[in-house]
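Counting starts at 1 for both ligands and their atoms, in listed order. If you're wondering where the values come from, they're calculated on a predicted model, not measured in any experiment. Computation of the quantities below employed the complete heavy-atom set of this structure, encompassing side-chain atoms and omitting hydrogens, waters and symmetry-equivalent molecules.
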Amino acid sequence: MSTTRFLTGITPSGTPHLGNYAGMMRPAIEASRDKNVENFYFLADYHALIKCQDPERVQRSTIEIAASWLAAGLDPEHVTFYRQSDIPEIPELTWFLTCVTGKGLLNRAHAYKAAVDKNNASGSEPDDGVTAGLFMYPVLMGADILIFNANKVPVGRDQVQHLEMARDMASSFNHIYGSEYFTLPEAVVEESVATLPGLDGRKMSKSYNNTIPLFAPREQLRKLINSITTDSRAPGEAKEVEGSALFQIYQGFASEEESAALRQQYAEGIAWGDAKQILFERIDREIAPMRERYEYLIAHPAELEEILQAGAVKARKLATPLLQQLRGAVGIRNLAQASKAKTKAAKTALPQFKQYRESDGQFYFKLVAADGQLLLQSLGFAAPKEAGQSIAQLQREGATALAAIKPRLQTLDGVSDDLVIQALEQLREAAEQ
Ligand code: TRP
């Protein structure tokens, strides 16, 4: 049975900070150690161009983010770790998907709509300053996911709509070209991961300029931690953990016991300077061993390049054959094989059984007429074998089997039993020839 495939994209447009680490990298790296799943992690550098047109910064950020993931423990031997721009199949698939995606669907994307709303509010033209890149961004993201037929995509709340759009694109393509080329991916929204506050107490975010870089050198880390906003309570005065950015950041790194101990010290009136020292030491204890590896990789970008190239080779082993199949599906084909293809098409102008797995983990089959009309649609089966046995029974026994298998089928409007039996007969005759 195929394993569940997880895929995560990280846009290289900044320097990773402690919030990224605690909220996303650390849980993702832990999850990547699970032997029962396949993991794809990639640097979404084409996406970076949408928001960042400073080439030095794109390159710098690509280096920093690649080095951060590796230093934090991502093992490129066990996961597929690659850079989006090394997979030419992704932009090609983007175009195929563009041609099956309604423009209206993209009009509704949150990021695009927010830009339009802002323009409307300020009395500008609706599309002022909006690039086609921003508009097309959900399609590029759809291609990132569908090219590897990922089942699960861990994302933040803000990305859930993009996953719904990816599902739409996948089903449109499957429907138009008449086969289950794509699995429908699902968003996984992890609610329980830590969101760290930044230096000023608001959510730690590049856009608030309140971040602590993950791999700040030790002394800079200490300085930044010392600049975390606290209240004016003096040493000896009891302090509140609620609303204390310092305490919340500590919780993002400490064990339950460690957090309980600091809570106690707050109540006992620890001086802010001492609390900051405790926080600094706790973070540094976790980060220091990784920092060494990070600094090494930053100083050896050729090694990063090599790791990413090896990842691309691994990724393209899947992407290249799928794209080849998709090219054929849409009619972009080697013309030398045109006459063969035609006779094959004439021979296969028969109804067809199709068996597939849905993202709910169940197995399904359907019968599709030569003209694409859906004749039978099964309910879910727990095992592929059960779906296969039903198909075999229908092929063998025709009308008799149809009555027996009815309870495992969906009712389809406008499809008479006669039509189905006729199709089954046609299949049986063809099999006998
Ligand atoms: N859009 C995502 C973000 O801004 C990054 C991303 C690009 C992504 N392609 C993806 C995430 C595919 C998951 C899957 O966070």
Carboxylate-amine/guanidinium proximity below 4.0 Å for Arg291 and Asp284: yes
Per-atom filter on ligand 1: closer than 4.0 angstrom to a heavy atom of His47 are 7 (C), 9 (N)
Who are the side-chain hydrogen bond (donor to acceptor under 3.5 Å, both in side chains) partners of Asn174, not counting sequence neighbours? none
So, are Arg108 and Glu164 salt-bridged, with charged N and O less than 4.0 Å apart? no
Counting each atom of ligand 1 from 1 as listed, which ones have a heavy atom of Val153 under 4.0 Å away? 13 (C), 14 (C)
Based purely on interatomic distance, does Tyr137 place a nitrogen or oxygen under 3.5 Å from a nitrogen or oxygen of ligand 1? yes
In ligand 1, which numbered atoms sit nearer than 4.0 Å to a non-hydrogen atom of Phe42? 9 (N), 10 (C), 12 (C)
Which of the ligand 1 atoms, numbered from 1, are nearer than 4.0 Å to a heavy atom of Leu7: 12 (C), 14 (C)
Any idea which protein heavy atom is nearest atom 3 (C) of ligand 1, and the distance to it? Gln159 NE2, 3.5 Å
Between Thr230 and Lys239, do the side chains contain a donor N or O and an acceptor N or O under 3.5 Å apart? no
State whether the number of non-hydrogen atoms from other residues, nucleotides or ligands found under 6.0 Å of Glu219 atom CD is greater than 12. yes
Salt-bridge contact Lys354-Glu180 (side-chain N to carboxylate O under 4.0 Å): no
Closest approach of any protein heavy atom to atom 9 (N) of ligand 1, naming residue and atom: Asp144 OD2, 2.7 Å
Within the structure, does Thr8 bring an N/O atom to less than 3.5 angstrom of an N/O atom in ligand 1? no
Which residue and non-hydrogen atom of the protein lie closest to atom 8 (C) of ligand 1, and at what distance in Å? Gly9 CA, 3.7 Å
Lys/Arg cation over aromatic Tyr250: Arg282, 6.0 Å, 45° cone: no
